[in-house]
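Scroll down for the structure; my scribbles are underneath it.
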Amino acid sequence: MIILGLETSCDETSAAIIEGHDNKIKLLSNVVASSLTLHKTTGGIIPENAAREQIKYIIPVIDEALKVANVNLEDIDAIALTYGPGLIGSLLVGVETAKSISWFLNKPIIPINHMVGHIYANWIENPQIEFPAIALVVSGGHTDLLLMNGHGNLKLLGGTRDDAAGECFDKSARLLGFNYPGGPKIAELAKKGDPKTFKLPRPMIGSHDFEFSFSGLKTAFFNATKAHFSILRNDIPNSKVGWNQVVESKLSKTEKQILYNLCESLQTAIVDVLVKKTLKAALKYNAKSILISGGVAANQKLRDTFELMIMDQKINIKFFAPQKSLCTDNATMVAAAGFYNYNPVSWQKVTADPELYFDY
Ligand code: KG4
Ligand code: ZN
């Protein structure tokens with residue numbers, strides 16, 4: 001079976017072709033166009049700008065995905081499509097394109113929840129994943145912990161009460177003057193830092209549920225930063241000058257080290273909470289696998305800490321993380337979710353749902 005995947009929920013426009021047989025999938029192409037450079041000039045994603053760019057990209061991206069895969073549009077069996085959650089204008093670009101192809105070629109659509117799509121990035125290279133599995137979805141907008149008892153059999157165990165883990169990275173980075181996405185920048189600076197110099201909180205780490213909270217950590221990071229540096233982005237008259245430029249030119253060696261320590265302390269606090277809660281859920285539900293996904297799953301410290309804790313505690317659980325390029329938004333994960341949850345519908349039944357959550 002050949003599936004065309006489409007993903008346009010936020011600022012990426014992506015198309016992918018996969019071929020699925022038995023329980024395995026083969027990735028034939030994955031094309032991702034991002035309007036990130038545009039958003040850097042505006043300091044963040046402006047929904048209408050993102051959608052306008054996606055209208056320009058969507059056909060060339062599909063065309064390229066077909067060419068790379070050496071597949072004709074007529075040869076596909078179904079279209080797996082992200083229909084929510086996300087920005088309404090962006091979602092509509094994918095939804096309306098998929099409906100047009102579906103109507104014209106008489107091919108069914110498999111509507112996919114974007115967050116479920118993230119989880120399925122794990123199956124692209126690992127068809128042997130065993131259930132029950134605990135899935136941690138950590139992105140810019142979500143921090144969710146789920147129990148998976150089979151394909152399409154998901155139960156939400158908990159989510160964040162305020163900011164998502166990625167949002168905590170992004171907002172803290174922005175405070176330092178770094179543009180979206182802030183996670184990779186914090187992770188880069190953290191490499192030279194010491195996590196013990198700043199005692200940042202681990203919100204809800206010991207709570208008896210599987211809920212998260214990251215806004216207090218962000219505030220603690222803000223206070224620690226402010227205590228050491230008088231120049232913050234908001235204080236700079238020309239807001240186009242980020243603090244990163246100030247760091248490069250004005251910070252002393254000692255100040256730079258403080259910055260690295262702050263970043264490593266923040267990263268470690270986020271990672272500690274995510275790992276501890278996920279392991280707790282895995283033990284409670286006798287999970288055979290732990291799957292992480294979403295943009296923050298690209299974080300190396302998060303991956304290393306999971307591996308280390310599982311080894312240290314001698315727990316018999318397999319840990320999976322998608323390859324880094326498939327952690328952030330892409331259509332391959334959507335196509336994979338469509339293959340393993342094959343519930344095709346006609347185009348008349350498909351509508352964008354920006355507020356979609358885990359409907360299980
Ligand atoms: O899944 P994604 O591409 O988009 C959403 O659906 O939100 O995730 C983007 C998020 C951003 O918050 C970004 O800062 C974070 O993933 N991120 C990282 C890393 N790479 C991306 N966070 C920490 N470390 C990274 N290496
Ligand atoms: Zn995403």
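Only heavy atoms go into these numbers, but all of them, side chains included; no hydrogens, no water, no symmetry mates. Just so you know, ligand 1 is whichever comes first in the structure, and atom 1 is the first atom listed for that ligand.
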Pick one of side chain, backbone, both or neither for how [X] approaches ligand 1, counting any non-hydrogen atom pair under 4.0 Å.
X	value
Q267	neither
H142	neither
T328	both

**OP:** Assess K280 against F210: is NZ or CZ under 6.0 Å from the centre of the six-membered ring, and within 45 degrees of the ring's axis?
**Re:** yes
Original post:
Ignoring water, what protein N, O or S atoms are under 2.8 Å from the Zn ion (ligand 2)?
Top reply: H114 NE2, H118 NE2, D329 OD1
Subject >> Minimum side-chain heavy-atom gap C327-P322 below 4.5 Å >> reply: yes
Atoms in ligand 1 with a heavy atom of [X] nearer than 4.0 Å:
X	result
G182	14 (O)
G166	12 (O)
G141	7 (O)
Y180	9 (C), 11 (C)
H114	6 (O)

Original post:
Under the 3.5 angstrom rule, does the side chain of Q257 hit a backbone N or O of K192 as a donor-acceptor pair?
Top reply: yes
**OP:** Apply side-chain contact (heavy atoms from CB on, under 4.5 Å) to Q348 and list each qualifying residue two or more places apart in sequence or on a separate chain.
**Re:** S346
Original post:
More than 12 foreign heavy atoms under 6.0 Å from CD of E48: is that the case here?
Top reply: no
**OP:** Please determine which of N299, L200, L302 meets the side chain to side chain contact (heavy atoms under 4.5 Å, CB included) test together with Q267.
**Re:** N299
